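None of these values were measured; they are calculated from a predicted model. Numbers here are sequence positions counted from 1.
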Amino acid sequence: MALLFRKFQEAVKVLAKSPTFSKDPRHLQFEADINRLFLFTSYQRLGKDLEEPDVEEIIDMATKASLPDQQQQVQENTHAQIKTLSILMDNILLPDKKSEEHLRSTTQLNSAPRPTGLSFAVGHPTTTPTNQPVVPETKPLKLADVSQALKDHLGYSLSVRPSEVPHKDAGQGLFLEGVADVGSVIAIYPGVTYSPAYYRYIPGYPKVDAHNSYLITRYDGTVINAQPWGSGDDVREFWDGVSCLQAAHSSEKIVLEGSDRLWKMLSKPLESSRKAKNGEILERRNPLAFAHFANHPPKGTVPNVMVCQYDFPLDEKDMRAYIPNISFASEEGVKMKRFGSFWFKSRSSVNSISDSPVQKSLLLVATRAICDEEILLNYRLSNSKRRPSWYAPVDEEEDRRRWG
């Protein structure tokens, strides 16, 4: 397995420098990241059944498959892992009568390298006369209990404790407890998502990161604010993202990449009234919903995870509680197009590509095997602005391309 993984690693290095990539620096970096995620997540999905011909086939596909095809495969690979997580969480949290019929599906899923056709037993929640959804009954377990149970079944879980990164501003760090293979979904970035059309609603706009270090931006411009999520809770509840735990003032982490770009949107100011949707029933005891606590690695240390855009299909309602995100507002009828650093409103329909609604999210995916250690993520801060003194670039060229 070690020899086969080295082949993957070499392929990652070669493909990232491929001259067939887009000439646009930002898109080039996006393609390079998709290539890496394609290799890593495919490696994970094959698992213990991986053989050398499989490795060669995946590398060959990575050199020939189109970017949309690779994106789709990454989505399928990561979604399969989220399905596994959802079934395990159902088994841990649902009353025994409801969870019994999940046990066989979970066993089959864990033993099969390519899980498909999974079914779920949790019914659609009913609503009260006031249209407030009823929170389904779950076992009265604490977050710590759920985390330990997930580790027992999945092989790993997460904890938040003082970081081992050697600088005074490191604050809290994210630690993996157990063992996770390369390509595994390590964590989910929780919180409220804002499309470019709603940047002006991000608290503190336009200087959104002045008092909030728990922001991150996807390649498509979606910003996720994890501050309202905080450290989770010990309940499953109707969550609208309004309740916000105060961020620890001792932590000066800057997770938002290029926050100065957020205010560069050429459109009229949005109305001040809140347009957020009502919220969703979410499982606040999700042991993997802690990606916002990952620190940037110190100088000379290589990150062990990378970000991965993930679009959860909202028609899979039985999994919804385990996706720790809600959208600030519906994007129906609103389409934004990016030109350089600017966002413009477009007249085209947001459903022009797909009619299936999704909840946008972000995952941290392991770039190597991880065992009982701190999770480190390359923040890729823009090198066109002043960066904090503790920031040691992992790859200056990648930083430049990311915000090119």
NZ or CZ of Arg402 within 45° of Phe30 ring axis and under 6.0 Å: no
Mark yes or no: Arg161 above the aromatic ring of Phe175, with NZ or CZ under 6.0 Å from the six-membered ring centre and no more than 45 degrees from the axis. yes
Please answer whether the main-chain N or O of [Y] pairs with a side-chain N or O of [X] as donor and acceptor at a distance below 3.5 Å.
X	Y	answer
Ser42	Phe38	yes
Arg26	Tyr219	yes
Asn286	Glu283	no
Glu164	Glu374	no
Arg36	Glu31	no
Asn295	Gln172	yes
Tyr391	Leu381	yes
His296	Ala392	yes
Ser213	Asp209	no
Ser184	Ala180	no

Do [X] and [Y] have side-chain heavy atoms sitting under 4.5 Å apart?
X	Y	answer
Leu377	Leu364	yes
Leu314	Val358	no
Glu137	Leu94	no
Pro287	Met89	yes
Leu37	Met306	yes
Ile188	Leu85	yes
His79	Pro313	yes
Ile326	Leu282	yes

Hydrogens and angles aside, do [X] and [Y] bring a side-chain donor and acceptor to less than 3.5 Å of each other?
X	Y	answer
Gln81	Asn77	no
Ser157	Ser147	yes
Gln359	Ser327	yes
Glu76	Gln72	yes
Ser361	Asn325	yes
Ser159	Glu177	yes

Should the pair [X]-[Y] be classified as a salt bridge under the 4.0 Å nitrogen-to-oxygen rule?
X	Y	answer
Arg401	Glu396	no
Asp395	Arg380	no
Arg218	Asp311	yes
Asp69	Lys64	no

Closest approach of [X] and [Y], non-hydrogen atoms and distance?
X	Y	value
Gln70	Met61	NE2-O, 4.4 Å
Val394	Pro297	CG2-CG, 3.8 Å
Leu288	Leu158	CA-CD1, 3.8 Å
Thr78	Gln75	OG1-O, 3.1 Å
Tyr198	Tyr194	O-CD2, 3.6 Å
Val305	Ile370	CG1-CD1, 4.0 Å

Hey, mind stepping through Thr138 and Arg285 against side chain to side chain donor-acceptor pair (under 3.5 Å) and telling me if it holds? CA-CA 11 Å; Thr138 59; Arg285 293 166 290 185; 2.8 Å; yes
Verdict with reasoning, Arg387 to Asp399, per salt bridge (charged side-chain N to carboxylate O under 4.0 Å, His left out): CA-CA 12 Å; Arg387 298 180 293 199; Asp399 290 355; 3.3 Å; yes
Roughly how far, to the nearest 0.5 Å, is the [atom2] atom of [Y] from the [atom1] atom of [X]?
X	Y	atom1	atom2	value
Ile186	Asn304	CD1	CG	8.0 Å
Asp181	Arg368	CG	CZ	12.5 Å
Asp220	Lys360	CG	NZ	4.0 Å
Ile58	Gln73	CD1	CD	9.0 Å
Leu150	Leu93	CG	CG	10.0 Å
Leu176	Ile375	CG	CD1	5.0 Å

Going by the angle between their ring planes, with limits at 30° and 60°, are Tyr379 and Trp390 parallel, tilted or perpendicular? perpendicular
In terms of the angle between their ring planes, are His292 and Phe290 parallel, tilted or perpendicular, with boundaries placed at 30° and 60°? parallel
Output, in order, the C-alpha distance, side-chain angles, deciding distance and verdict of salt bridge (charged side-chain N to carboxylate O under 4.0 Å, His left out) for Lys139 and Asp96. CA-CA 9 Å; Lys139 295 178 182 178; Asp96 292 337; 3.0 Å; yes
Worked verdict on Phe312 versus Met319 for side chain to side chain contact (heavy atoms under 4.5 Å, CB included): CA-CA 9 Å; Phe312 171 72; Met319 299 170 58; 3.8 Å; yes
Give the C-alpha distance, both sets of side-chain angles, the deciding distance and a yes or no for side chain to side chain donor-acceptor pair (under 3.5 Å) between Arg236 and Tyr322. CA-CA 10 Å; Arg236 178 176 297 195; Tyr322 305 119; 2.8 Å; yes
Full working for side chain to side chain contact (heavy atoms under 4.5 Å, CB included) between Val192 and Val223: CA-CA 8 Å; Val192 182; Val223 173; over 6 Å; no
I need the single residue from Trp239, Phe293, Tyr214 that forms a ring pair (Phe, Tyr, Trp, His ring centres under 6.0 Å) with Trp229. Which is it? Trp239
Apply side chain to side chain contact (heavy atoms under 4.5 Å, CB included) to residues Leu174 and Val160 and explain how you reach the verdict. CA-CA 5 Å; Leu174 182 65; Val160 176; 4.1 Å; yes
Let me see the working for Val185 and Thr84 under side chain to side chain contact (heavy atoms under 4.5 Å, CB included), right down to the final yes or no. CA-CA 11 Å; Val185 171; Thr84 302; over 6 Å; no
